[in-house]
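Report on the structure given below.
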Number of protein chains: 2
Amino acid sequence: MASLTDNGALSPMVRKLAAWAALSPEDERAILELPYTVRSFSPGGYIVRDGDKPQNSCVLLSGFAYRHKIVGDGGRQILSIHMKGDLVDLHNSLLHTADHNVQALSQVELACIPHEAVKELAFARPTVGVAMWYDTLVDASIHREWIANVGRRDGRTRTAHLLCEFGVRLETAGLGSTREYDMPMTQEQLSDCTGLTPVHMSRSLKALESEGLVRRTKRAVSIDDWGRLAEAGDFRPDYLHVTMPGIPLL
Amino acid sequence: MASLTDNGALSPMVRKLAAWAALSPEDERAILELPYTVRSFSPGGYIVRDGDKPQNSCVLLSGFAYRHKIVGDGGRQILSIHMKGDLVDLHNSLLHTADHNVQALSQVELACIPHEAVKELAFARPTVGVAMWYDTLVDASIHREWIANVGRRDGRTRTAHLLCEFGVRLETAGLGSTREYDMPMTQEQLSDCTGLTPVHMSRSLKALESEGLVRRTKRAVSIDDWGRLAEAGDFRPDYLHVTMPGIPLL
DNA sequence: CCGCCTCTTTGACTTATGTTACGGTGCAAG
DNA sequence: CTTGCACCGTAACATAAGTCAAAGAGGCGG
């Protein structure tokens, strides 16, 4: 458990929630004073497994994680990607039993908060509670966009859309910009986000590159003309419910 | 606005929330005493449009509704189906601006509650608040399953899965059973749930029927062997987070 | 520096699903 | 009774995406 002296390990959580509601200084302090333990994971490590009954709600302090399900024939579908500040596991802990897996994508540091403490705080301080609720609602909104992405767009459009989403979210998290960002995912993982095969993901990326819409070096993505990529990806950021001055609307 | 004398128009909402948390009699009364107005819609009527700033959170009193998005090329993706007791619009009203459409599927009666009243109740009575939060989390869980369904299962499996989900949800809502239920959707609408074309939905349904997994007459569905249909649909109901004795686990 | 990973690219081929089109059925309105 | 409309079925054909396989391209440990 943390003492006040380690001074703000939970500040990424404050930053995230402050985007959703106007937190008072006391609200912020109450968040920072939540009890937690820090755990770290190597790439591929399981944070939660389908069927677990997690006792903690986890905040990502650094690194990336992803949620996924395995379907009957062994296929994997990635459901969402999480980054610094994200409340990775409010869903599973509040629902009592996990309905999907959460796995580390990179080296990950996690703050684990007993979910009873989270619930207490939510109802003791309505503003914080609204912010947390709002956060889970935004997650759901992203899920809806993914349903549409996977269900009704072709491969090239889907991957462009995904790259746009990453750009905006990384920028709002302070980890990059819509012009350039790092995203440590393999093409296989990207393909599992979009319901494609790895081969087809490779083809789609190649198509986007040869049209000059993105450049990639290793795991870094550069976007020279955001407008064209957003158009190719049928991307409008409304569903992310962020309003930051820096984000181009199209 | 309602007076106490119209006696329990919001009871479907009580029934729904009572499934998620142990409501006290006072909790139930507080819900029933929420202010509301009733509106009705004909099939196809818009309850909320993408971009609206709804002031109300709506409860479905009767009939069916669906949420959907229109993508760039005009394609439609249905995101979820709603039935009696569902809080159709907590998401959109709490997020301030709607990121998708909600439309009536059949004749619909709706109770519209000012969302400020909902929020106040949620924080005045934590048990009710938890139940509402939980409800939105279950919605998100269903969204995740749909991502996997659309992304990683073939047409026949997808449609079997959808038919299973309807069975379980209608049974828990008291509107049918996993052996037989009514669902007033056209094949075009079913295809928009699954990311298929209407033609292929027709093929998939035909396949399931010719294997003896379902029978359909008009808009009614009969399932003789739940186990076989669930297997064909790769369906396990965990993600619905219902625990009713009547629901076969496989 | 070598060898062994994992990841990516590419090609040839297959297949599930999309497209277009037309005919049938049932229901509702006049 | 007719007409029209919305939905459904189905056939022939087109194509996006999947599959299988093999060969580069890094990166990393020994």
Side-chain angles (χ1 to χ4, degrees), chain A residues 42-44 71-78 103-107 149-163 182-210 214-221 232 234, chain B residues 42-44 71-78 103-107 149-163 182-210 214-221 232 234:
Chain A
S42 309
V71 301
D73 68 357
R76 177 177 70 168
Q77 176 66 45
I78 293 182
Q103 215 168 342
L105 197 55
S106 62
Q107 190 66 34
N149 203 38
V150 167
R152 285 292 181 221
R153 296 200 259 249
D154 66 18
R156 169 177 163 282
T157 313
R158 274 183 233 183
T159 90
H161 190 281
L162 189 67
L163 295 178
D182 273 11
M183 173 50 62
M185 294 178 72
T186 67
Q187 293 192 8
E188 184 175 20
Q189 291 161 340
L190 290 171
S191 72
D192 285 339
C193 290
T194 48
L196 300 169
T197 52
V199 220
H200 203 64
M201 177 50 67
S202 177
R203 294 197 269 246
S204 302
L205 286 169
K206 188 186 166 190
L208 293 174
E209 279 186 274
S210 67
V214 293
R215 282 175 297 126
R216 289 176 309 134
T217 50
K218 301 188 191 185
R219 300 291 152 79
V221 176
D234 188 21
Chain B
S42 309
V71 301
D73 69 356
R76 177 177 71 166
Q77 176 66 46
I78 293 182
Q103 215 170 343
L105 195 57
S106 61
Q107 190 65 33
N149 202 38
V150 167
R152 286 293 182 220
R153 295 200 260 250
D154 66 18
R156 172 177 161 279
T157 314
R158 274 183 233 182
T159 88
H161 190 281
L162 189 67
L163 295 178
D182 273 10
M183 172 51 62
M185 295 178 73
T186 67
Q187 293 192 7
E188 183 174 22
Q189 291 161 339
L190 290 170
S191 73
D192 285 338
C193 290
T194 48
L196 300 169
T197 51
V199 195
H200 203 64
M201 177 51 68
S202 176
R203 293 197 271 248
S204 302
L205 286 169
K206 187 186 167 191
L208 293 173
E209 280 187 272
S210 66
V214 294
R215 281 175 298 126
R216 289 176 309 133
T217 50
K218 301 190 191 184
R219 300 292 152 80
V221 176
D234 188 20

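A, B, ... follow the sequence lines: proteins, then strands. Residue 1 opens every chain.
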Inset, instruction - Identify the two heavy atoms, one from A:Ala232 and one from A:Ala160, that lie closest to each other, and give their separation to 0.1 Å. - result: C-CB, 4.0 Å
Legend entry - Sidechain N-carboxylate O distance under 4.0 Å for A:Arg152, B:Asp73: no
Inset, instruction - Just report the end-to-end axis angle for the helix from C:dC1-D:dG30 to C:dG30-D:dC1, five pairs per end, to 10 degrees. - result: 40°
Legend entry - Residues which pass salt bridge (charged side-chain N to carboxylate O under 4.0 Å, His left out) with B:Glu209, listed by chain and number, not counting sequence neighbours: B:Arg216
Legend entry - Side-chain (A:Gln77) to main-chain (A:Val71) donor-acceptor, under 3.5 angstrom: no
Legend entry - Distance-only side-chain donor-acceptor flag, A:Arg158 / A:His161, under 3.5 Å: no
Inset, instruction - Extract, from 5' to 3' on DNA chain D, the first and final nucleotides lying under 4.0 angstrom from some heavy atom of chain B. - result: D:dC7 to D:dA12
Inset, instruction - Measure from the side-chain N and O atoms of A:Thr194 to the backbone N and O of A:Leu190, and report whether any donor-acceptor pair falls under 3.5 Å. - result: yes
Inset, instruction - Describe the nucleic acid contact of B:Thr186 in one word from base, sugar-phosphate, nothing, applying a heavy-atom distance below 4.0 Å. - result: sugar-phosphate
Inset, instruction - Indicate yes or no: does B:Lys218 engage B:Asp182 in a salt bridge with an N to O separation below 4.0 Å. - result: no
Legend entry - Test side-chain contact (heavy atoms from CB on, under 4.5 Å) applied to B:Gln103 - qualifying residues, sequence neighbours left out: B:Tyr46, B:Tyr66, B:His68
Inset, instruction - Please state how far atom CD in A:Gln189 lies from atom P in C:dC7, giving the value in whole angstrom units. - result: 8 Å
Legend entry - nucleotides 11-30 of chain C: protein proximity per nucleotide (B base, S sugar-phosphate only, - neither; heavy atom, under 4.0 Å): BB----SBBB----------
Legend entry - Non-hydrogen atoms of A:Gln189 and A:Met185 that approach each other most closely: OE1-CA, 3.3 Å
Legend entry - All side-chain contact (heavy atoms from CB on, under 4.5 Å) counterparts of A:Thr157, not counting sequence neighbours: A:Arg153, A:Asp154, A:Asp234
